[in-house]
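Input: a single structure, listed below in structure tokens.
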Protein chains: 2
Amino acid sequence: MTSLTRGEQPKRVTRRRALTRQRLLDAALHVFAEEGFGRSTVDRVCERAGFTRGAFYSNFTSLDELFLAMWEERAAAMRDGLREAIAATEGSGALDADDPERVLRAVLDVIPVDDAWYRVTAEFTAHALRNPPLRRVMAAREAAILDALLPLVEGALARIGRRVTDRTALGQALIAVHDGTSVQVLLEPADPAVRARREELFRHVLMAYSTEGPGEGEEDQ
Amino acid sequence: MTSLTRGEQPKRVTRRRALTRQRLLDAALHVFAEEGFGRSTVDRVCERAGFTRGAFYSNFTSLDELFLAMWEERAAAMRDGLREAIAATEGSGALDADDPERVLRAVLDVIPVDDAWYRVTAEFTAHALRNPPLRRVMAAREAAILDALLPLVEGALARIGRRVTDRTALGQALIAVHDGTSVQVLLEPADPAVRARREELFRHVLMAYSTEGPGEGEEDQ
DNA sequence: CGTACTGGATACATTCCCGTATCGGATCCG
DNA sequence: CGGATCCGATACGGGAATGTATCCAGTACG
């Protein structure tokens, strides 16, 4: 379908080019969110970005490729955000021996339930499941993102005195819970209880996949 | 958009009508799964069913309406299947005091990870999130389905000596875990470990939301 | 400061899909 | 079995979106 393997860069990336690329990415997020990925068209994305289709085809070969670029961006932002948030809890005075709540907060604030983003990824995932090469690309990238995020969570847990028993299982569980409960929260936006149950489930998972053991580096402060 | 409230039935449902309706439903499932809900068209559904668009518009007003009918069908089948499966475990000899595994099996076999169905519902859900009236309809139906299924699970748990602490929370958690882990299994179809971790997570949830207490009716036997 | 080149706009031909209105044959009922 | 009714096929008039090929202007570099 599309060449999903990094094509050769045109020797230099002019300033202008980078800008229009970014504008296209921003516009696409809105369009995908509003129309749905499946119903989105190159036309609309360009219209929203204030370009014509020529600009699009000069920067991307397909909406798939564009989405993957968008995802990359998002993942990087999340990774940085999480790192920062966890670092922030670190400085904040004395650590109680047991304060999983703080870790939970840090994580949930950085990786929130984002209406638009949820819709877009859900649809794109379904789309990828229909297309084996794309599915593989997606699985690989997801694994990479998890690899970057997990150590952060694990470190945070260690600092409050809990050792993770099975790193991979915890990662899979957290993602499943995040995704699975996000829909529920979005479907029932008026009901705060749904959100509360989501967080309770996160607590259960964090506890179930870690054990009260010596944190690696700093047991308490 | 579409009148999602049950319209008035034309006084009688002729045999022929029922048949074409069913053929349209079956065809639609395939088309949705293959093309994606968003990219599916009335044309294609009819083509696949061997009708022309006239037939479609005579039976449904929109693809949304058709999907809801499809979902209804599916939910009913699941409910019956689950009831039957649980009833089957009932007769099977002496119950060990603690055999959550049996309950888990019964449930997982009836509500499997279904590739095509997952894609379709995921996309339709995203679509519904974009459309408040439709979102409400969907939330309501989901709640109704859960109401029908939960007592069955609760009963099965009671028979192995576990009392559910918070019915609603358990239901929400099970659904979240089912949905969230389904994607993972489908994204990584070659890796049996992913599926194993899914089931492990189910076990954790079943235990976390129930307590070792006297089952309501039949403590043992 | 001018020129070679890159990037985005425009035009084009094609394909697909929508929803309605009307018609003729199948189906049901007495 | 015959008439009333129902149902699905056909015809119609538009409206988008696609990807490509070509062209002009803005940009960067010597």
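Every chain is numbered from 1, with letters handed out A, B, ... down the list of sequences.
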Atom CZ of B/R17 to atom P of D/dG8: distance rounded to whole Å? 6 Å
In whole Å, I'd like the distance from the CG atom of B/L19 to the P atom of D/dC6. 18 Å
Specify the separation, in whole Å, of atom CZ of A/F51 and atom C1' of C/dG8. 8 Å
Would you kindly compare A/G54 and B/G50 by the position of their nearest DNA chain D nucleotide and give the one closer to the 5′ end? B/G50
B/F60 atom CZ is separated from D/dC7 atom P, nearest whole Å, by 13 Å
According to a strict under-4.0 Å criterion, is A/S58 in side-chain N/O contact with OP1 or OP2 of C/dG7? no
Here the pair of heavy atoms bringing A/P151 nearest to A/D147 is CD-O, 2.9 Å
For D/dC7, does OP1 or OP2 lie under 4.0 Å from any side-chain N or O of B/T14? yes
What does the B/S/- profile of nucleotides 12-19 of chain C look like, 5' to 3', with a 4.0 Å heavy-atom cutoff to protein? -----BBB
Do the side chains of A/E101 and A/R203 get close enough for a salt bridge, i.e. N-O under 4.0 angstrom? yes
Under 3.5 Å: donor-acceptor pair, side chain of B/R195, backbone of B/V185: no
Protein-nucleotide distance (A/F56, atom CZ; C/dA9, atom C1'), rounded to Å: 16 Å
Whole angstroms only, please: what is the CD-P distance between A/E47 and C/dG8? 18 Å
Are OP1 or OP2 of D/dG8 and a side-chain N or O of B/N59 less than 4.0 angstrom apart? yes
What residues, two or more places apart in sequence or in another chain, satisfy side chain to side chain donor-acceptor pair (under 3.5 Å) together with B/R79? none
By the definition side chain to side chain contact (heavy atoms under 4.5 Å, CB included), identify the one residue from B/D114, B/I111, B/V113, B/D115 that meets it with B/S182. B/V113
With a 4.5 Å cut-off on side-chain heavy atoms, are B/F32 and B/M70 touching? yes
